[in-house]
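Since the model is a prediction, treat every value here as computed from it, not as a measurement. Both backbone and side-chain heavy atoms feed into the values below; hydrogens, waters and symmetry mates do not. Sequence lines set the chain letters: A, B, ... in the order given, protein chains first and strands last, and positions in each chain run from 1.
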Amino acid sequence: MEYSFGRIEEHWKEKWKKENIYRINNNSDKPKYYVLDMFPYPSGAGLHVGHPLGYIASDIFSRYKRLKGFNVLHPMGFDSFGLPAEQYALETGQHPAETTRKNIATFKSQLDKIGFCYDWEREVQTSSPGYYKWTQWIFLQLFNSYYCSIEQKAKPIRFLVEKFEKDGSDDFSATDWKSFSARQQADILMQFRLVYSAFGVVNWCPALGTVLANDEVVNGVSARGGHPVIKKKMRQWFLRITAFAERLLQGLDHVDFSDSMKEMQRNWIGRSEGAEMEFEVEGISKKILVYTTRPDTIFGVDFLVLAPEHELVAEITPVAQRQSINEYLTYVKSRSDRDRMADVKQITGCFTGSYAINPLNGRKIPVWIAEYVLAGYGTGAIMAVPCGDQRDFNFAQHFNIPITNIIGSYFNGREANPTKDAVLENSGFLNGLLMKDAMEVAIGKIESSGIGKRKVNYRMRDAGFSRQRYWGEPFPIIWKDGIAVPLEETSLPLELPHVGQYSPGPEGEGPLANLTEWINTANGSRESSTMPGYAGSSWYFLRFMDPHNPGEFCSRSASDYWNQVDVYIGGTEHAVGHLLYSRMWTKFLFDQGLIGFDEPFKRLINQGMIQGSSRFVYRVDGTNQFVSYGLKENYTVDKLHVDVNMVDGFILETEAFKKWRPDFANAEFILEDGKYICGSETEKMSKSKFNTVNPDILVEKYGADTFRMYEMFLGPIEQSKPWDAKGIDGVHRFLRKLWRLFFDEQKNMKLWTEEQPNEAELKCLHRGIKKIEDDTERFSFNTAVSAFMILVNELSDLKCHKKSILEKVLVMLAPYAPFISEELWHQMGNETSILNASYPETDKKYLVDATKEYPVSINGKLRTNMLLPLDADPAMLEKEVLANEVVQKWLEGKTMKKFIYVKGKMINVVI
RNA sequence: GCCCAGAUGGCGGAAUUGGUAGACGCAGCAGACUCAAAAUCUGCCGUUCGCAAGGAUGUGCAGGUUCGAUUCCUGUUCUGGGCACCA
């Protein structure tokens with residue numbers, strides 16, 4: 001009997017489906033285990049070989065846990081709202097709902113080919129009304145909540161209203177509150193809601209009449225059409241994630257994420273301690289509020305810098321400076337944030353013409369604006385201390401601003417010194433203090449003299465929560481007289497209306513703004529923007545627990561049973577976005593008492609990215625000529641991705657290229673050696689980079705089992721690596737070799753016997769169990785595959801066909817290669833699925849050895865090996881080693897200085 | 001620019017806590033089986049000197065700590081991911 005994987009896989013897929021073998025119940029005597037993948041965005045390119053890497057890992061782990069006796073939840077769904085579908089609609093006129101439906105169907109059929117054990121009855125799609133009803137519902141809960149800084153938790157906003165009615169606030173009395181108009185009250189409450197509306201800056205492309213994602217802006221112009229992009233203020237919704245900053249930071253201590261992942265989140269949150277203080281401006285009543293982490297350097301302040309977007313810029317600029325300031329502002333508007341951060345070498349700024357007064361020494365200092373100060377961080381204004389901060393130093397030098405030295409010899413005049421260890425000079429009451437100690441003294445003085453206060457600051461900003469787009473959740477909000485009025489919960493879902501065309505609405509609004517009959521209601525006009533992609537993905541792990549509940553987003557009994565996700569697998573590219581948002585939503589739902597845990601993911605495994613090898617062509621600027629890689633230096637060129645399927649190695653198939661897109665039909669080529677050579681780069685596998693590889697072909701050629709094991713065999717799960725299929729034969733050979741332990745293909749007969757296994761066979765088996773179990777537990781799947789290979793090689797060498805051994809091998813293999821394991825399991829006479837077997841246990845007595853082949857080194861260099869008993873007496877052992885012929889040879893004429901013996905490891909003789 | 005990773009044979013990688021560098025696999029070479037091929041099996045396979053025994057050298061690069069470093073420390077180069085509207 002031959003190993004015909006195609007037949008086997010077809011047969012079991014059908015049978016498993018019929019028997020609903022992956023259906024998971026919310027009630028079970030077994031302990032629960034929740035294994036989750038980051039669900040995919042169903043892109044039009046279909047599944048590529050990078051997607052399944054994490055999915056295979058999680059599938060192996062789920063099956064493994066099931067064999068270990070757990071009730072395992074392992075669901076899958078689709079993050080199906082998003083920009084690409086809308087972009088595609090814009091280009092082709094096909095409705096996103098339709099393309100999304102098709103893409104999901106493709107994804108599902110591709111996933112099923114690989115044999116994942118998903119319970120599809122629990123599938124969720126973020127774009128289905130039954131799901132986004134609850135996304136909208138959670139939005140309303142956020143809208144109706146504020147963050148109580150005393151209790152450090154989210155609470156219903158009606159408590160705040162009650163407090164205002166009773167006691168007022170720091171800024172107004174209870175009587176004031178009652179006298180405010182409805183609009184005034186609403187505006188005040190908006191400053192507290194956990195989702196709120198305010199003005200934010202967006203990438204505005206006047207030519208396209210639309211707001212662009214950062215992704216769609218390349219070098220300051222729109223990726224589509226190359227039109228200029230400027231920054232524009234627009235009304236936006238925001239998620240008040242900053243309220244949770246401290247808890248998001250603290251929570252990291254209680255989850256099992258990698259240190260680097262925690263580090264990235266900590267840096268993103270960016271907690272810093274310092275002080276806020278006010279600087280008076282000469283001749284103007286308003287003061288400039290700056291935030292500094294170094295109040296100890298207050299006497300070294302030589303100038304203030306405001307972000308160009310700072311609200312006081314216009315006010316403090318006297319007429320004489322107005323023109324140059326306006327010119328500078330126009331320049332800044334054309335620059336992306338990325339440019340502003342990246343170009344530190346290019347120092348730009350503009351003097352406002354105003355002077356501020358240092359509140360501690362009365363010194364008059366100039367006020368500048370510069371793009372290196374970002375509006376979103378701190379107060380958008382800094383006090384510049386050139387002797388202690390390199391950017392301030394560079395700025396001062398560039399604009400010839402005199403520098404005050406407050407750290408004596410610690411400052412060399414050529415570069416700033418950010419030390420905290422210097423003794424302060426020229427610093428008034430701080431003179432003679434170590435900077436570290438001066439910090440507290442300075443803050444004390446600042447607070448006592450009423451010019452400022454101690455302040456903990458976070459780099460993290462509130463997250464923009466609206467998009468001027470169509471394909472997302474509509475906001476359950478109606479605007480009436482400038483007040484955002486939430487819809488009744490009972491009217492949810494507010495369904496996304498069908499549109500015929502996807503072009504933007506007036507004034508940069510989203511496409512929904514064009515639907516006047518939808519927008520305008522008797523009670524006011526609807527919000528025309530939609531929610532961002534991360535809205536639906538911030539809570540989907542909860543819906544999987546109770547996917548069909550019509551009355552709740554997830555019943556408390558379901559979330560109490562399944563609790564946290566035990567293992568969450570996904571890429572590091574979501575380190576700071578999705579993971580922080582979902583952690584925040586979980587904390588919010590916890591505060592509301594809707595779930596019983598405040599961290600969603602107990603353990604996070606980061607899968608590396610399978611990268612694509614992209615190919616590039618070089619178009620000579622302003623022509624339809626394409627120049628080969630080696631000759632491109634002679635021209636000014638644009639670099640364009642080409643589909644890797646049109647490239648043989650590095651050589652472009654020019655005819656295929658011409659047919660690829662209409663605008664390339666008349667392409668001309670400047671060849672080298674008669675060929676067009678493409679450039680190449682390793683980068684993220686993505687449809688937009690035309691470097692995707694489809695797994696279907698490999699599954700068809702080698703079978704799902706081979707494909708699964710090969711992806712695991714490529715290397716550590718967390719490591720990124722470019723895709724390469726050339727080793728897949730080896731894995732396939734392994735499965736065939738395994739098959740030959742069961743069947744003689746030539747003689748067409750079965751080989752397994754009921755014979756009792758011998759010592760050698762049991763040793764192989766139990767070592768294998770130990771290694772494979774350990775490796776599976778620590779997600780080291782590549783070494784587990786290698787351990788399987790070693791085990792099968794050893795059993796083949798021993799000609800072991802004993803059923804009691806082989807059955808255990810199959811159970812261990814079932815998570816990795818479910819089809820072949822199930823087939824052989826049944827061939828051997830088992831009636832029930834191998835999924836219901838139990839994992840073999842190691843017998844320690846087969847793992848211990850009496851002797852060890854020790855490496856013996858002289859001065860750390862390996863010279864020989866000696867077989868020695870593991871329980872040897874150290875003194876006897878030393879004698880025996882020193883008597884060894886090879887050791888004697890090296891020892892000749894020298895005396896031994898030291899004898900190092902590490903039991904079970906090695907021996908080193910130092911001479 | 002900032003934050004986070006990574007770099008080991010011709011290639012993917014292994015070495016789990018500082019203790020035999022290169023497990024396992026791919027590719028390659030030699031051989032067996034075969035009329036032949038495929039499949040399968042056996043052996044070799046970092047570089048270098050050597051007939052061999054054996055020696056030298058070797059984990060991006062430059063230093064350091066240690067009896068001993070792929071592993072720890074300092075510096076540096078390159079590659080990848082993220083940087084707030086791709087998801």
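Applying the Watson-Crick and G-U wobble criteria (two distances, each under 3.5 Å), B:rC11 pairs with B:rG25. Remark: B:rG1 base-pairs with B:rC83. Criterion, Watson-Crick or G-U wobble with two distances under 3.5 Å. When both distances must be under 3.5 Å, the Watson-Crick or G-U wobble mate of B:rA38 does not exist.
Nearest-nucleotide assignment on RNA chain B puts the 5′-proximal partner with A:P716, out of A:P716 and A:F39. Residues A:L714 and A:A213 each lie close to RNA chain B; by heavy-atom proximity, the contact nearer the 5' end of the strand is made by A:L714.
OP1 or OP2 of B:rG55 lies within a sub-4.0 Å distance of a side-chain N or O belonging to A:R863.
The separation between A:Q265 atom CD and B:rC83 atom P is 14 Å, rounded to whole Å. Look at CZ on A:F734: it is 18 Å from C1' on B:rA39, rounded to the nearest Å. Distance CZ (A:F899) to C1' (B:rG19): 14 Å, rounded to an integer number of Å. The distance from atom CG of A:D724 to atom C1' of B:rG13 is 13 Å, rounded to the nearest whole Å. Between A:K233 atom NZ and B:rC85 atom C1' the separation is 18 Å, expressed in whole Å. Atom CE in A:M38 sits about 13 Å away from atom P in B:rG82, given to the nearest Å.
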Q: Could you run through nucleotides 41-49 of chain B and give me one letter per nucleotide, 5' to 3': B if any protein heavy atom sits under 4.0 Å from the base, S if only the sugar-phosphate is that close, - if neither?
A: S--------
**Q.** Protein proximity profile, nucleotides 22-28 of chain B - base contact B, sugar-phosphate-only contact S, no contact -, cut-off 4.0 Å on heavy atoms
**A.** -BBSSS-
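Using a 30° and 60° split on the angle between ring planes, A:F707 and A:W723 fall in the tilted class, from 30° to 60°.
At a threshold of 4.0 angstrom between heavy atoms, the contacts of A:M460 include nucleobase atoms, whether or not backbone atoms are also involved. Residue A:N908 is in base contact, counting any heavy-atom pair closer than 4.0 Å across all strands shown. Within 4.0 Å of A:P40, counting heavy atoms only, lies no atom of the nucleic acid at all. Within the nucleic acid shown, A:S258 has no heavy atom closer than 4.0 Å to any nucleic acid atom. Using a 4.0 Å heavy-atom distance criterion, A:K771 is classed as a base contact. A:K897 comes within 4.0 angstrom of no nucleic acid atom, judged by non-hydrogen atoms across all strands.
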Listing time: all N or O pairs from protein to nucleotides 5-9 of chain B that are below 3.5 Å?
none

At a cut-off of 3.5 Å, list every protein nitrogen or oxygen paired with a nitrogen or oxygen from nucleotides 71-77 of chain B, distance to 0.1 Å.
none

I'd like a table of atom pairs between the protein and nucleotides 57-60 of chain B - only N or O on both sides, under 3.5 Å - with the distance next to each one.
| from | atom 1 | to | atom 2 | distance (Å) |
| --- | --- | --- | --- | --- |
| B:rU57 | OP2 | A:K861 | NZ | 3.1 |

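In the set B:rU16, B:rC85, B:rU20, B:rC85 carries the atom at the smallest distance from any side-chain atom of A:N203. Residue A:Q611 has its side chain nearest to B:rG80 when only B:rG80, B:rC85, B:rG82 are considered. Of the listed nucleotides (B:rA15, B:rA84, B:rA87), B:rA87 has the atom at the smallest distance from the side chain of A:D79. The A:P84 side chain lies nearest to B:rC86 when the options are B:rG13, B:rC86, B:rG19. The side chain of A:L83 approaches B:rC86 more closely than any other nucleotide in the set B:rC86, B:rG55, B:rG82. Comparing B:rC83, B:rG19, B:rU16 against the side chain of A:M906 picks out B:rG19 as the nearest.
Here A:D775 does not pair with A:K770 in a salt bridge; the nearest charged N to carboxylate O distance is not below 4.0 Å.
Using a 4.0 Å cut-off on heavy atoms, the residues of residues 467-475 of chain A that approach RNA chain B are A:R467, A:Q468, listed by number.
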